[in-house]
Amino acid sequence: MATKGKDMAVWGLDSTRLKRRVLAMLRWLLDPVRRTPVVVTTALLTLLLTVLIVNLIQPVDAARAERSTDASASSTATVSARQFPKAHHHSKSASSSSSATKGQKKQQTKAKKADSASSSTQPVDWLKPSQQVDYPDPAAHPGLSLEVSLQDQRVYVRDGSQLLYTMYASTGMDDSTPRGSFRIQSERGDRFYNPREGMGARYYTSFLNHGVFLFHSVPTDSSGSYIKEEADLLGIRPSSHGCIRLTVPDSLWIMQSVPTGTPVLIK
C-alpha cells in the first residue's frame, strides 16, 4: 500500500508538471497573436478573403470578356460591310463628259420641279412662260421634238432623251386630240377665230391636216380678249376641241422658233 501511494504521488507530481509544460507551450504559441494589434489581424484576414474572391471571379470575367470581344468583332465586320460597299469606277470618257452633262441635269431638275409644282389644281399664270428658264435654242438641239402627254396635260420639249422644257397644256375633251407621231407643218400665224366654236386663239402652229389640229394659246373671244374661264383650266384637265392649248409665251415660242418638220409625239 505504501508503495502504491508513493507511485501515485510520483504520478501526480509528473501530471502537474506536464500540465504546466503544456500551458507554457500554449502561452508561447498564442503570445504573438496576443501581441499583434487587432487592426493588423483584420487587414490580413480581409486580404486573404479578397484574394480568394478574385481567384473565384476572374475565370467568369475572362469568359464574359471573350464572348463580348467575339460579338464586337462580328458587329464591326457587319457595319464595315454596310458602310463601305464595293466602289464603282467610271471610265475616262464618262469623267470627261460629266461637265457637259451638268447643265443638262440642271435643266432637267428645273423642269421636274416645275412639273411637280403644277400638280395642284390651282390655275397657272397663262400669261407667263411655264418655266422660269430660257426656252431651248432649236439650233443647238438637232434632235428637238415635242412630246404631248394626254395624261399629264403637259408638252415636253426634248432633244432625244434629254428633257429641255416642260409646258402646261390642255388637250381635247372626250379624247378628241389624235394620238400618234406627227410633224410640225408650215401653217402658222398670229391669230385666228372660229365662228362655229365661238372662240379663237393667238400664235397657232399646225401639226396635223394643215391648219385643223394646232398648238395655240389659251382661247380668245370674238374681240380677241382671252377667255379667263377657259384659260384657268390650262394644265389641269382637257378643255379644247382637239387642239393643244398653251400659255401665251409658250405658243409664241413654238410659232416663232420650232422648225417645220419637227417631230411631234402625242400619247
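When a residue number appears, it is its place in the shown sequence, counting from 1.
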For [X] versus [Y], what's the shortest heavy-atom pair and its separation?
{"X": "A169", "Y": "L246", "answer": "CB-CD2, 4.1 Å"}
{"X": "A201", "Y": "T220", "answer": "N-OG1, 3.3 Å"}
{"X": "Y193", "Y": "P195", "answer": "O-CD, 3.5 Å"}
{"X": "P138", "Y": "L144", "answer": "CB-CD2, 3.9 Å"}
{"X": "S240", "Y": "S170", "answer": "OG-O, 4.1 Å"}
{"X": "T177", "Y": "G242", "answer": "OG1-O, 3.0 Å"}

Checklist entry - Any ion pair linking R154 and E147 (charged N to carboxylate O, less than 4.0 Å)? => result no

Hey, could you give me the [atom1]/[atom2] distance between [X] and [Y], rounded to the nearest 0.5 Å?
{"X": "Q151", "Y": "K267", "atom1": "CD", "atom2": "NZ", "value": "10.0 Å"}
{"X": "I184", "Y": "S145", "atom1": "CD1", "atom2": "OG", "value": "10.5 Å"}
{"X": "I254", "Y": "L214", "atom1": "CD1", "atom2": "CG", "value": "11.5 Å"}
{"X": "S130", "Y": "D250", "atom1": "OG", "atom2": "CG", "value": "3.5 Å"}
{"X": "S149", "Y": "M167", "atom1": "OG", "atom2": "CE", "value": "14.5 Å"}
{"X": "D159", "Y": "H141", "atom1": "CG", "atom2": "NE2", "value": "6.0 Å"}

Any side-chain to backbone donor/acceptor pair from [X] onto [Y]? Under 3.5 Å, distance only.
{"X": "R183", "Y": "G261", "answer": "yes"}
{"X": "Y165", "Y": "Q131", "answer": "yes"}
{"X": "S217", "Y": "T247", "answer": "no"}
{"X": "D174", "Y": "S176", "answer": "no"}

When you compare the side chains of [X] and [Y], does any donor N or O come within less than 3.5 Å of an acceptor on the partner?
{"X": "W126", "Y": "D232", "answer": "yes"}
{"X": "S223", "Y": "D221", "answer": "yes"}
{"X": "Q185", "Y": "T260", "answer": "no"}
{"X": "S251", "Y": "R202", "answer": "no"}

Checklist entry - Does H241 reach the side chain of M199, with side-chain heavy atoms less than 4.5 Å apart? => result yes

Do the side chains of [X] and [Y] join up, straight or via other hydrophobic residues, at under 4.5 Å, putting them in one cluster?
{"X": "Y135", "Y": "V133", "answer": "yes"}
{"X": "Y226", "Y": "L233", "answer": "no"}
{"X": "L164", "Y": "I244", "answer": "yes"}
{"X": "I227", "Y": "M173", "answer": "no"}
{"X": "V212", "Y": "F192", "answer": "no"}

Item to check | F215-F207 aromatic ring centre distance below 6.0 Å | outcome: yes

Item to check | Centroid-centroid under 6.0 Å between W253 and Y203 rings | outcome: no

Item to check | Qualifying residue for side-chain hydrogen bond (donor to acceptor under 3.5 Å, both in side chains) with T171, from Q153, R237, R245 | outcome: Q153

Item to check | Heavy atoms of other groups near E197 CD, more than 12 under 6.0 Å | outcome: yes

Next on the checklist: Surrounding CG of D137 (heavy atoms of other residues, nucleotides or ligands, distance under 6.0 Å), is the total greater than 12?
Outcome noted: yes

Next on the checklist: What verdict does the side-chain contact (heavy atoms from CB on, under 4.5 Å) test give for L150 and I266, after you've listed the backbone C-alpha separation in whole Å, the side-chain angles of each residue and the deciding distance to 0.1 Å?
Outcome noted: CA-CA 7 Å; L150 301 178; I266 302 179; 3.9 Å; yes

Item to check | Check against side-chain contact (heavy atoms from CB on, under 4.5 Å), S239 and E230 | outcome: CA-CA 7 Å; S239 55; E230 292 287 334; 4.1 Å; yes

